[in-house]
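Below is one structure, written out as structure tokens; the observations come after it.
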Amino acid sequence: MTPEQKTQIEAATFQRLLKHLDDNKAVQNIELMNLANFCRNCLAKWYSAAATEQGLNVDYDASREAVYGMPYSEWKEKHQKKATPEQLETFNNRQK
């Protein structure tokens, strides 16, 4: 496998992950954080950091739009539910 092929495969895998998350909007970020220690916002931060490594300036809002497929404020209004006390407790205990 050439480096270019590897990059293309990795890009396709990332695109598939984003589509999977988009197809499963009911899965909340706090659930992802509690189960896998990452969420859509983490992906957006990694996206922005990768752009910076390539000498590009992609700010956090633009990165979140790339990950969420829409402005974050719109996604949050349409799809984000308030975290339950149990979810917050699990999240806070993981941070210790």
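Keep in mind it's a predicted model, so treat the numbers as computed, not measured. All values below were derived from every heavy atom in this structure, side-chain atoms included, with hydrogens, water molecules and symmetry-related copies excluded.
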Open item on the list: Would you say Leu18 ends up clustered with Phe38 if hydrophobic residues are merged whenever their side chains have heavy atoms under 4.5 Å apart, either directly or through other cluster members?
Closed with: yes

Task: Backbone of Ala44 reached by a side-chain donor or acceptor of Ser48 within 3.5 Å - done: no

Open item on the list: Rounded to the nearest 0.5 Å, what separates atom CE in Met1 from atom CD in Gln8?
Closed with: 10.5 Å

- [ ] Decide yes or no on side chain to side chain contact (heavy atoms under 4.5 Å, CB included) for His20 and Asp23, but give the supporting numbers first.
- [x] CA-CA 5 Å; His20 183 74; Asp23 290 346; 5.7 Å; no

TODO: Report yes or no: do Leu17 and Val27 belong to one cluster of Ile/Leu/Val/Met/Phe/Trp/Tyr joined by side chain heavy-atom distances under 4.5 Å?
DONE: yes

- [ ] Can you measure from OG1 (Thr84) to CD (Gln28) and round to the nearest 0.5 angstrom?
- [x] 10.5 Å

Task: Salt bridge flag under 4.0 Å for residues Lys19 and Asp22 - done: no

Open item on the list: Do Tyr72 and Ile30 sit in one hydrophobic cluster, given that two such residues count as connected whenever their side-chain heavy atoms are within less than 4.5 Å of each other, even indirectly?
Closed with: no

- [ ] For Arg40 and Arg64, indicate whether the former's side chain and the latter's backbone hold a donor-acceptor pair under 3.5 Å.
- [x] no

Open item on the list: Under 4.5 Å between side-chain heavy atoms, counting indirect links through other Ile/Leu/Val/Met/Phe/Trp/Tyr residues: same cluster for Leu32 and Phe91 or not?
Closed with: no

Task: Nearest-0.5 Å distance that lies between atom CE in Met70 and atom CD in Glu77 - done: 10.5 Å

TODO: Measure the spacing between NZ of Lys76 and CG of Asn29 and express it to the nearest 0.5 Å.
DONE: 10.5 Å

Task: Residue pair Arg94 / Asn37: nearest heavy atoms and the distance that separates them - done: NH2-CB, 3.3 Å

Task: Inter-residue atom distance Glu65.CD - Tyr47.OH, 0.5 Å rounding - done: 10.5 Å

TODO: Take Trp75 and Lys25 through the side chain to side chain contact (heavy atoms under 4.5 Å, CB included) test and state the conclusion after the steps.
DONE: CA-CA 9 Å; Trp75 191 92; Lys25 290 178 180 79; 4.0 Å; yes

Open item on the list: When you measure from the side chain of Glu74 to the backbone of Pro71, do you find a donor-acceptor pair of N or O atoms at a distance under 3.5 Å?
Closed with: no

TODO: Hey, could you give me the OG1/CD distance between Thr13 and Gln15, rounded to the nearest 0.5 Å?
DONE: 9.0 Å

Task: Common cluster, Leu88/Met33, ILVMFWY with side-chain heavy-atom separation under 4.5 Å - done: yes

Open item on the list: Test side chain to side chain contact (heavy atoms under 4.5 Å, CB included) on Tyr60 and Asn41; report intermediate values, then the result.
Closed with: CA-CA 9 Å; Tyr60 185 47; Asn41 290 322; 3.4 Å; yes

Task: Greater than 12 external heavy atoms within 6.0 Å of Gln54's CD - done: no

